[in-house]
Student: 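Starting off with a structure, shown below.
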2 protein chains.
Amino acid sequence: MRASSSIAPSNFRAPRALLAKTFTRPRPVAMLTPDTEIYAQGEASGVLYRIEFGAVKIYRLMADGRRQVIAFHFAGETFGFECGQVRSFFAECIVATGLTTVDMDDDGRFPADLMELALKEMVRAQEHLLVVGKQSAIEKLSVFLVDLVERQGGLDSVDIPMTRTDIGDYLGMTIETVSRSLSRLKSEGILRLRSNRSIEILSPNRLSRLASKPWIS
Amino acid sequence: MRASSSIAPSNFRAPRALLAKTFTRPRPVAMLTPDTEIYAQGEASGVLYRIEFGAVKIYRLMADGRRQVIAFHFAGETFGFECGQVRSFFAECIVATGLTTVDMDDDGRFPADLMELALKEMVRAQEHLLVVGKQSAIEKLSVFLVDLVERQGGLDSVDIPMTRTDIGDYLGMTIETVSRSLSRLKSEGILRLRSNRSIEILSPNRLSRLASKPWIS
DNA sequence: CGCTGAGTTGAAATAGCTCAACTCCTGTGG
DNA sequence: CCACAGGAGTTGAGCTATTTCAACTCAGCG
């Protein structure tokens, strides 16, 4: 499943005529290898990306070298919203990924269709806040896993494309704590580590009880 | 400066004709007393609010009773963005507050002018993530204070309209830790507590060094 | 076959939480 | 005008979860 070629994002800006605002397909697809940088903090913004397959992480670097992962995005999702002329975040492929682009209007605004997506992204960020603000590492990790399960269609077997470091930077904890929490869930029989990047949920109920949907109804 | 009357938000929905999309003033202003609930989790969404004066907190209640404050808003700011038909958050006045409303379009979308505001709100939420994800309590509080300073025009004297509990729920720490961190900043000569709700920044440099703008350039 | 990076596990250090006592401020009623 | 009550804030002491530092395992790959 490894892409055979890696095309820099700036090279595959599609002709405007091809970019229907109604998201009609097919559109040109760029194949990116793992760890490819899609855009960087400080670059000019303007293009939105839609993931055809694969996974992407959005993060920010701090002055002291720490990193905060803002979001993970998977197939079918759109990312790249910014409020200024300049990117505030980095976007990077986690695995082999196929991307298409969505341009802004001539006047520098987004098609109205995308308002909904931007708002959804806002709410997602705010809900992530609830998770990072939680005190317990087990809780955080459970919420993370339940979210992954749901986004992967509710199957027992969950793919974890990102590294422990990514997860730690996403949840605001060290990789050791991520690892220990996973081990704890394993030892309690809630999940099984099929491999480093794939787990099997043995007791979805107990997992989601740990995650305990923080928001009321 | 206490408002003489408190009008429930549902009572001051202005006639559509008055709500110019270009934000022309004057518009009807509702005066709300402190602790007035502007909207609640679960209510129908649709109206945006603009703060003429005062301060508002946006928060969410968790199933276990914990609270996460998502944002504070001050004069000149607009809040109330949602992605669904229903409010995900509570909005409540912190002090006496004057509000005006901005309706959505007939088709349930926001005027295009507001896209920018929504995106700004998204980025704000994502930056809040950086703060809550930080490990040190002193750092978190410093970032919070620096933000307040900037939003109040960079003066030495900062107004803290919210309680320690609000601050704690915003930064993801207990009120005791908020208090201890403030005392620490005080004992180090970085600030002075004029009163519980007003501080004087003695060394803005050292404060912002502690806050150490996490994002590079 | 050994190198490298990712992940795990252990032990000690520590930051923040919890519980509890206390102070301070403010508003109220005598 | 003063006394008092209640809420908000502060401070202390002990406890615990997470971080830190370090050693180790494991898997993939030249």
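Computation of the quantities below employed the complete heavy-atom set of this structure, encompassing side-chain atoms and omitting hydrogens, waters and symmetry-equivalent molecules. Reminder, nothing fancy here: chain letters follow the sequence lines and each chain counts from 1.
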Student: Go nucleotide by nucleotide along DNA chain D from the 5' end; which of A:Ser181 and A:Asn196 gets its closest nucleotide reached first?
Tutor: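 Counting from the 5' end, the first nearest nucleotide belongs to A:Ser181.
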Student: Select base, sugar-phosphate, or nothing to describe what B:Ile160 touches, counting heavy atoms under 4.0 Å on all strands.
Tutor: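 Here B:Ile160 touches no strand at all.
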Student: Using whole Å, what does the distance between atom P of nucleotide C:dA15 and atom NZ of B:Lys134 come to?
Tutor: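 After rounding, the gap between these two atoms is 16 Å.
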Student: Would you classify B:Gly168 as touching base, sugar-phosphate or nothing, given that sugar-phosphate means primed atoms plus P, OP1 and OP2, and contacts are heavy atoms under 4.0 Å?
Tutor: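 The residue B:Gly168 makes no contact with any strand.
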Student: Is A:Thr174 near enough to D:dT19 that one of its side-chain N or O atoms lies under 4.0 angstrom from OP1 or OP2?
Tutor: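 A:Thr174 to D:dT19 OP1/OP2: side-chain N or O found under 4.0 Å.
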Student: Taking A:Glu188 first and then A:Arg209, would you say they form a salt bridge - that is, a charged N and a carboxylate O separated by under 4.0 Å?
Tutor: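 Result for this pair is no, no salt bridge flagged.
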Student: Picking from A:Gln68, A:Arg67, A:Arg164, what satisfies side-chain hydrogen bond (donor to acceptor under 3.5 Å, both in side chains) with A:Asp169?
Tutor: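 Testing A:Asp169 for a side-chain hydrogen bond (donor to acceptor under 3.5 Å, both in side chains) against A:Gln68, A:Arg67, A:Arg164 leaves exactly one candidate, A:Arg67.
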Student: Does NZ or CZ of A:Arg87 come closer than 6.0 Å to the centre of the six-membered ring of A:Tyr39, within 45° of the ring's axis?
Tutor: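 Cation-pi check for A:Arg87 and A:Tyr39: passes.
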Student: To the nearest 0.5 angstrom, please state how far the CZ atom of B:Arg124 sits from the CD atom of B:Glu127.
Tutor: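 That separation rounds to 9.0 Å.
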Student: Would you kindly give the CE-to-P distance between A:Met173 and C:dG7, to the nearest whole Å?
Tutor: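 Rounded to the whole Å, the gap is 13 Å.
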Student: Check the phosphate of D:dA27 against A:Arg197, side-chain N and O only, distance under 4.0 Å to OP1 or OP2. Yes or no?
Tutor: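 Checking A:Arg197 against D:dA27: no side-chain N or O falls below 4.0 Å of OP1 or OP2.
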Student: Check the orientation of A:Phe72 and A:Tyr170. Use parallel for under 30°, tilted for 30 to 60°, and perpendicular for over 60°.
Tutor: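 Ring orientation of A:Phe72 relative to A:Tyr170: tilted.
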Student: Round to the nearest Å and state the distance from A:Ile167 atom CD1 to D:dT18 atom P.
Tutor: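 Atom-to-atom, A:Ile167 to D:dT18, this comes out as 16 Å.
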Student: Please determine whether a side-chain nitrogen or oxygen atom of B:Arg180 lies at a distance below 4.0 Å from atom OP1 or OP2 of D:dT10.
Tutor: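 Answer no for this pair, as no side-chain N or O of B:Arg180 is under 4.0 Å from OP1 or OP2.
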Student: Measuring from the side chain of A:Lys186 (C-beta onward, heavy atoms only), which nucleotide among C:dT18, D:dT10, C:dT9 has the closest atom?
Tutor: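 Ranking C:dT18, D:dT10, C:dT9 by closest atom to the A:Lys186 side chain puts C:dT9 first.
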Student: Can you measure A:Leu171 atom CG to D:dA17 atom C1' for me and round it to whole angstrom units?
Tutor: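 Checked: the CG to C1' distance equals 16 Å.
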Student: OP1 or OP2 of D:dT19 less than 4.0 angstrom from a side-chain nitrogen or oxygen of A:Thr177, does that happen here?
Tutor: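 It does, given that an N or O in the side chain of A:Thr177 lies less than 4.0 Å from OP1 or OP2 of D:dT19.
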Student: Between D:dT20, C:dT8, D:dT18, which nucleotide has the shortest distance from any of its atoms to the side chain of A:Glu176?
Tutor: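 Among D:dT20, C:dT8, D:dT18, the one nearest the side chain of A:Glu176 is D:dT20.
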Student: OP1, OP2 of C:dC25 versus side-chain N and O of B:Ser195: anything below 4.0 Å?
Tutor: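 No, B:Ser195 has no side-chain N/O under 4.0 Å of OP1/OP2 on C:dC25.
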Student: Once you round it to whole Å, what is the distance between P of C:dG7 and CD1 of A:Ile199?
Tutor: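 These atoms are roughly 13 Å apart.
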Student: Counting any heavy atom closer than 4.0 Å, what does A:Leu193 reach on the DNA or RNA strands: base, sugar-phosphate only, or nothing?
Tutor: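 Result for A:Leu193 = sugar-phosphate.
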Student: Rounded to whole Å, how long is the line connecting atom CG of A:Leu182 with atom C1' of D:dT18?
Tutor: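 After rounding, the gap between these two atoms is 16 Å.
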Student: Please report, rounded to the nearest Å, how far the C1' atom of D:dG9 is from the CG atom of B:Asp166.
Tutor: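 Going from B:Asp166 (CG) to D:dG9 (C1'), I get 13 Å.
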Student: In whole Å, I'd like the distance from the CD1 atom of A:Ile175 to the C1' atom of D:dT19.
Tutor: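 Nearest whole value for this atom pair: 12 Å.
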